[in-house]
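Have a look at the structure below before the remarks.
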Number of protein chains: 2
Amino acid sequence: MATGTSTGTTVTAAEVAARIREAISSGDLVPNQRLVEADLAEAYGASRGHVRTALGELTVEGLVERIQNRGARVRSVPLEEALEIVEVRAALEALCAARAAERITDDQAEELRAIGRAMEAAVRDRDQSAYARGNTDLHGMLIRVSGQRTAAATIDRLRAQAVRFQYRLSARPGRSQQSLPEHLAIIEAVCARDPEGAARAMRAHLASVSEAIVESTRD
Amino acid sequence: MATGTSTGTTVTAAEVAARIREAISSGDLVPNQRLVEADLAEAYGASRGHVRTALGELTVEGLVERIQNRGARVRSVPLEEALEIVEVRAALEALCAARAAERITDDQAEELRAIGRAMEAAVRDRDQSAYARGNTDLHGMLIRVSGQRTAAATIDRLRAQAVRFQYRLSARPGRSQQSLPEHLAIIEAVCARDPEGAARAMRAHLASVSEAIVESTRD
DNA sequence: TGTGACAAAATTGGTGACAATCCAGGCCAT
DNA sequence: ATGGCCTGGATTGTCACCAATTTTGTCACA
């Protein structure tokens, strides 16, 4: 149990929201889990009022579901919606990849290739966590290089909602072997300053993610 | 001044949020305008607490900007960000157009063509408001037919933020002559069940919107 | 054993009061 | 004049309290 820092300093609503977001991302809080205001207030050392506004924020973000007089729960995202989210992400990340391909500097290209090499090594060594790290590094760097902050914010919000499926996926044996060449293709296209190719490669990658999600839920 | 319905019924936070959203969309509240909690509470007949939570929601949605101890203002979206928003919308609406092209029924296709004819007529008659209505009808219908609710929600949120630029644009003389053929091209591609063509036409349309926005701010 | 009614506990919703903070304007010294 | 400083008013932030509602537990009765 993640206990709140028992310092006397007041914990603001934004901080509570961040903690809950974190807890949902890490799987500490699972879908449909009830979020009792008093409990959260105690756990994080915040007042109930702050917890309330934090839950309000998270509701707008789509991470939490609130029912009048019945309290808040971690929202459970159905498979169908998760696939929609991946489709939207595909469109947005393809945009980012294309822009990144237009704007990338030589130094950044080298950095990107280094990420690619790290991912290859991770697959060779069967190091799941290193591969996952490379994965987030890659997507994160493309978004950063693209300079599209609006798209970045949207992608982050959507990814947070679909986190449950992300999990199942990366836990799947052999998934990295499948996705590695897709990732390398993205890197190649971006480093070659080929926007159209980068977008295509990114869409292909996320189409594969979509398929894999469907398969991973067949059990 | 839109006064609150002076009924004794309590006005909920969600309702206040809706009213403020509406006021921003319609231009009743302009960028950087201060939103004083007590005033809003009085105007809408709600308690200050409800106004507060409404402002919290709108802040997460990006319509309102809040500074600690300094209150809330209508967020002013800079040109640069508005262009980003249009780019993101292009990616998302292209996705919707493509899906709509895959899923549209014959009846819906006829409805879509009717919208196209109405827009042609509006341009012929120089009826600005009819054209604007056709415009929203068209985009709305494509999104509805596409069945992409996640994308739809995201588009709505983004469009609400960029509403100021939308205005200047449709007020511009000759804008409809420029955009009409683009709209017709989208309709044609969707009705021809050509997803790739529909996406391309939509991207072309929004690229033109982007250019027009840049031009409309050169004054 | 199961079911419905009812009371008690738990939880959320809402409001008012008060504290903290910011802002405008006046005032004084330089 | 100009700049620093103070004070009063306006506004926001926070909390404690109570009302409303839901949920849980118990018990009588079929």
Side-chain angles (χ1 to χ4, degrees), chain A residues 1 3-21 23-24 29-76, chain B residues 1 3-21 23-24 29-76:
Chain A
M1 152 88 43
T3 95
T5 62
S6 56
T7 69
T9 65
T10 62
V11 175
T12 163
E15 285 169 342
V16 173
R19 299 282 296 268
I20 297 176
R21 233 180 260 119
I24 292 176
L29 295 173
V30 301
N32 282 320
Q33 181 164 345
R34 274 199 72 187
L35 300 172
V36 177
E37 296 174 0
D39 295 355
L40 295 172
E42 164 126 26
Y44 298 139
S47 75
R48 191 161 78 90
H50 284 165
V51 171
R52 268 181 88 69
T53 72
L55 289 175
E57 277 184 35
L58 296 169
T59 302
V60 178
E61 287 177 21
L63 285 179
V64 162
E65 200 171 25
R66 245 179 164 174
I67 302 179
Q68 174 81 226
N69 289 324
R70 302 253 229 119
R73 304 177 166 275
V74 178
R75 188 166 82 93
S76 165
Chain B
M1 153 85 43
T3 95
T5 62
S6 57
T7 70
T9 65
T10 62
V11 175
T12 162
E15 286 169 342
V16 173
R19 300 281 297 268
I20 297 176
R21 235 181 258 117
I24 293 176
L29 295 173
V30 301
N32 282 319
Q33 181 164 346
R34 274 198 72 188
L35 301 172
V36 177
E37 296 174 1
D39 294 356
L40 295 172
E42 165 127 22
Y44 298 141
S47 74
R48 191 162 78 90
H50 283 163
V51 170
R52 268 184 87 69
T53 73
L55 289 175
E57 278 185 36
L58 296 169
T59 302
V60 178
E61 287 176 20
L63 285 179
V64 162
E65 201 171 25
R66 245 179 166 174
I67 302 180
Q68 173 81 224
N69 289 324
R70 301 254 228 119
R73 302 178 167 275
V74 178
R75 188 165 81 93
S76 164

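Per chain, numbering begins at 1; letters A, B, ... match sequence-line order. All values below come from the heavy atoms of this structure, side chains included, with hydrogens, waters and symmetry mates left out.
Side-chain atoms of B:R75 come within 3.5 Å of backbone atoms of B:G62 as a donor-acceptor pair (strictly under, hydrogens ignored). Checked by atom type and distance alone, the side chain of A:Q33 pairs as donor or acceptor with a backbone atom of A:V30 at under 3.5 Å. Remark: side-chain polar atoms of A:E57 are not paired, donor with acceptor, to backbone N or O of A:A54 under 3.5 angstrom. With hydrogens and angles ignored, the 3.5 Å screen pairs a side-chain donor or acceptor of A:R73 with a backbone N or O of A:N32. Panel note: side chain B:E15, backbone B:T12; a donor-acceptor pair is recorded below 3.5 Å.
A close approach under 4.0 Å does occur between a side-chain nitrogen or oxygen of B:R52 and OP1 or OP2 of D:dG13.
Residues A:Y44 and A:V11 approach most closely at O-CG2, 3.4 Å, considering heavy atoms.
Think of the region where chain B sits on DNA chain C: with heavy atoms and a 4.0 Å cut, that region ends 5' and 3' at C:dG14 to C:dC23.
Comment: A:R66 engages A:E37 in a salt bridge, judged by a side-chain N to carboxylate O separation of less than 4.0 angstrom.
In this structure, CZ of B:R73 is placed 11 Å from P of D:dT12, rounded to the nearest angstrom. Here the P atom of nucleotide D:dC15 and the CZ atom of B:R48 are 14 Å apart, to the nearest Å.
Nucleic acid contact class of B:L55 (heavy atoms, under 4.0 Å, all strands): none.
In the region residues 58-72 of chain A, proximity to DNA chain D at under 4.0 angstrom, judged on heavy atoms, holds for A:N69, A:R70.
The residue among B:R34 and A:H50 whose nearest nucleotide of DNA chain D is located toward the 5' end is B:R34.
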Quick one, A:V16 with A:L55, criterion side chain to side chain contact (heavy atoms under 4.5 Å, CB included). Give me CA distance, side-chain angles, the key distance, then yes/no.
CA-CA 9 Å; A:V16 173; A:L55 289 175; over 6 Å; no
